[in-house]
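Convention: sequence-line order gives letters A, B, ...; per-chain numbering from 1.
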4 protein chains.
Amino acid sequence: MASTPTKRPKFRRRAEARPDEVLDAALDLFIARGFAATRVEDIARRAGLSKGAVYLYYPSKEAILEALVQRSILPIAEQVAALGRLETGDPKAALRSLIDLIGDGLAEPRVAAIPKIIVGEAGNFPQLVESYRRQVIERGLGALTALIRRGVELGQFRPVDPELAARNVVGPLIAHLLLARIFSIAPADDPRARRFLDSHLDILMNGLAAEGERKA
Amino acid sequence: MASTPTKRPKFRRRAEARPDEVLDAALDLFIARGFAATRVEDIARRAGLSKGAVYLYYPSKEAILEALVQRSILPIAEQVAALGRLETGDPKAALRSLIDLIGDGLAEPRVAAIPKIIVGEAGNFPQLVESYRRQVIERGLGALTALIRRGVELGQFRPVDPELAARNVVGPLIAHLLLARIFSIAPADDPRARRFLDSHLDILMNGLAAEGERKA
Amino acid sequence: MASTPTKRPKFRRRAEARPDEVLDAALDLFIARGFAATRVEDIARRAGLSKGAVYLYYPSKEAILEALVQRSILPIAEQVAALGRLETGDPKAALRSLIDLIGDGLAEPRVAAIPKIIVGEAGNFPQLVESYRRQVIERGLGALTALIRRGVELGQFRPVDPELAARNVVGPLIAHLLLARIFSIAPADDPRARRFLDSHLDILMNGLAAEGERKA
Amino acid sequence: MASTPTKRPKFRRRAEARPDEVLDAALDLFIARGFAATRVEDIARRAGLSKGAVYLYYPSKEAILEALVQRSILPIAEQVAALGRLETGDPKAALRSLIDLIGDGLAEPRVAAIPKIIVGEAGNFPQLVESYRRQVIERGLGALTALIRRGVELGQFRPVDPELAARNVVGPLIAHLLLARIFSIAPADDPRARRFLDSHLDILMNGLAAEGERKA
DNA sequence: CATGAATGAGGTTTCATTCAT
DNA sequence: TATGAATGAAACCTCATTCAT
């Protein structure tokens, strides 16, 4: 592509990456303007092809959204698998790594943006919400709940309700994700993002820890 | 319905409530389908008047959205004023009342829905975001931060960063608000909503409290 | 309309005739260019309204075609009823009036054009064909067959197969209808149209009539 | 299929039949869906080649239609020539053979479909209609008219108007052709198709025949 | 010769907004 | 005030045609 300095070829053949490029472009625009306010032609232009070409890869605008969500679910599923492995170790350490893990994931804009889009389009595409709920939310919260339950059973955590506590753990992270950018609470690469995670961990650990387990 | 002329008169002269009814209708639909996917005609029908009449009260669809956000800001401003008053009391008790207050506010669907809409339309209406940020987010977080700072200064809270801790306080509440309904995590009138607040308070208080201040 | 010499009003309210005007315009264009090659905008312009207004009356282009066919079926149903009444009289006279009747009907361009359109779109809209077949073709041929059968039974006609003979009766009329205009075989108001009917009747009567019944 | 290299070789060098295969495919689809609703890609697929390859043989979709009509005109021209030869014989026998001939021709779907297509596209391609009219309709009707005129002059037929009578002769055949399949009046391989021709001949001969010439 | 990815004009349909009544 | 028919600017999507390979 960049290797032909002569001129930009009108036709580019068999670019295997095309479908992904379309999704990337669509993601940027869906984030910026929402699904309904994004025109297919804009997606096309940003992906570097024509309006019609988009339809070679996806049969409709809605299909683009669906593919987008599916694509984002895959890496998360892997993270959830990783979560499973964490369960066997020390709950406290596991929780710490977990929050780091989520923090890193949510820092990835291409992954983090999806929930925001789903929140906006929930009413129009219920099946999207449902598949995200089943594959991400439920599995993620499930793993986290199990982890906390073990901590309670081992006496490392106070006798909290694991299900509800799990929401207290991820809540600030998700809220930060959804709102930080929008309300300019913190820019993406703010060093305070790191400090926010630390603060969260600090309060959480102290709030969960059983009497004798507390750090000074 | 039309047979009971008392309750809902067909001709209502100078119905002062009309603009508000339009906003109510718009709110319901914006939540359900998003701003772009909601037709002015639908708003009109739901508000019980004609398409044209909507334009007697609001010059454009966008103006309806703006009025909606403005209307939701007012009661929140009052809550924030109430927050100010709390600052003079015992920080711990104040924090407890505050979370109750927020919990109650967020349980009010007409108020709670606004942030969700703003999240969805942030890209298209930046001035909306900005005004919400200035009048709600900043003031709310500001008051909460001040409250925590006083708790730290008084030695009731551990030496946390008040600004960041404030986010830890509201984060789960906001996340719950934004996601619970969408992902069917909890139905609107779930008694667990109460227990969720309790759990949050419990962990928070233990996480924030200074050594000697902890409850058993 | 023509009574306001000042200027053509931009908005015309509640013109009850609008839907019919749309059908008239569509009919003209479907005849001239076929269904697929006719743009909704052309229909609108010819009907004297805007593209969007067409959709106030019909939900889709296909619905226009369906309405068109339905509208043309009504008067034909009445003619078929009239056919039923003819059955009680003298078969020969009845056949004569019948051919006149059909001839008149087919001379009405708005009615006669429908079969031509159906022939062209048969593959794309099978349900259209089916409803036309049931309501027009079957009933028409049925009445005609009954009439001929009676003629045979009364000894006025030779012992022909009534079903097949019915096709011999209407065949030339339909062929004339479908082809005459297209192939410029005869202009619409050609006096020869009358003579064509006469010739048809003449040959037919002689071909059907039993020995003794023939005219010189 | 691909495993038998004999029957349908994947690479067929200089396939002279290609253009004809394209026409065959196009004909099938034009009949089924009409010209406008048929995509070039569908024609290509049905003809067993790629979309681009179609354009190696025909410069445009319209050119395919034109070639189709031209191709169908050729054999008909020969039949018309045969008609000319019939003129010298006994008019009655000639008429009988003629109707058989036409009946056979019209039974050939690839030939019979053309008029149906022309009827549908008459408005969009007048030059197509014109060339068909000149080469098929006019010559065919001309020959038939001449044949009937001779019959009248020889006293075998009653003194009918030869031009109009010619239309009475072909009318039912054409009507049958255009409508039978569409309206399921008679399936393609119905044995009654033969009987329909017989009935037509029977009525026609009796209707045309002069007094003394009539069969019992 | 042959392919099929790519283009882009153009068609159907939607909907915010206007305005005669 | 209130109505809702009417407008017209897009938006989505299709498909005839081109052209690099």
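Lys61(A) contributes no side-chain N or O that, together with a main-chain N or O of Arg39(A), makes up a donor-acceptor pair within less than 3.5 Å. Under a 3.5 Å cut-off, the side chain of Tyr58(A) and the backbone N or O of Val22(A) do not form any donor-acceptor pair. Side chain of Ser72(A) to main chain of Ile114(A): no donor-acceptor pair is present (N/O by atom type, distance under 3.5 Å, no hydrogens or angles).
If Gly52(A) and Val40(B) are placed on DNA chain E by their nearest nucleotide, the residue sitting closer to the 5' end is Gly52(A). Residue Val54(B) is the one, among Val54(B) and Ala36(A), whose nearest nucleotide of DNA chain F lies closer to the 5' end (criterion: closest heavy atom). Comparing Ser50(B) and Arg39(D) against DNA chain F, the residue whose closest nucleotide sits nearer the 5' end is Ser50(B).
When each of dA2(F), dT12(E), dT7(E) is scored by its nearest atom to the side-chain atoms of Ala53(A), the top-ranked nucleotide is dT7(E). Candidate nucleotides dA5(F), dT17(E), dA6(E) were compared by shortest atom distance to the side chain of Ser60(B), and dT17(E) ranks first. Between dA2(F), dA5(F), dA5(E), one nucleotide has an atom nearer to the side chain of Leu56(B) than all others, and that is dA2(F).
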For DNA chain F, just give me the dot-bracket, please: Watson-Crick or G-U, both distances below 3.5 Å, ( ) intra-strand, [ ] crossing earlier pairs, | paired with another strand, . unpaired. .||||||||||||||||||||
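For Lys51(B) and dT3(F), a side-chain-to-base donor-acceptor distance below 3.5 Å is absent, hydrogens and geometry of angles not being considered.
Atom-to-atom, OH of Tyr58(C) to P of dA5(F) comes out at 14 Å; the value is rounded to the nearest Å. Following rounding to the nearest Å, Glu41(A) (CD) and dC13(F) (P) show an atom-to-atom distance of 13 Å. Across the protein-nucleic acid pair, Asp42(D) atom CG and dA16(F) atom C1' stand 12 Å apart, rounded to whole Å. Rounded to whole Å, atom C1' of dC12(F) lies 15 Å from atom CG of Leu65(A). The interatomic distance linking Ile43(C) (CD1) with dG11(E) (P) rounds to 12 Å, in whole Å. One atom, OH of Tyr57(B), and another, C1' of dT17(E), lie 18 Å apart when rounded to the nearest Å. The CZ atom of Arg45(A) sits 16 Å away from the C1' atom of dA6(E) (whole-angstrom rounding).
The CG atom of Asp20(D) sits 11.5 Å away from atom OH of Tyr57(D), with the distance rounded to the nearest 0.5 Å.
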Arg46(B) and Asp24(B): salt bridge (charged side-chain N to carboxylate O under 4.0 Å, His left out), yes or no, with the steps? CA-CA 9 Å; Arg46(B) 178 174 270 257; Asp24(B) 288 341; over 6 Å; no
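At dT3(F), none of the side-chain N or O atoms of Tyr55(B) fall inside 4.0 Å of OP1 or OP2 (strictly under the cut-off). Between Arg18(B) and dT1(F), a side-chain N or O to OP1/OP2 separation shorter than 4.0 Å is absent.
Backbone-only engagement by Lys61(C) is indicated by non-hydrogen atom pairs under 4.0 Å involving sugar-phosphate atoms exclusively.
Take Arg33(B) and apply the side-chain hydrogen bond (donor to acceptor under 3.5 Å, both in side chains) test, not counting sequence neighbours, and it matches Asp42(B).
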For residues 120-128 of chain C, tabulate all N or O donor-acceptor pairs below 3.5 Å that involve a side-chain atom, not counting sequence neighbours.
unit_1, atom_1, unit_2, atom_2, d
Gln127(C), NE2, Glu66(C), OE2, 3.2

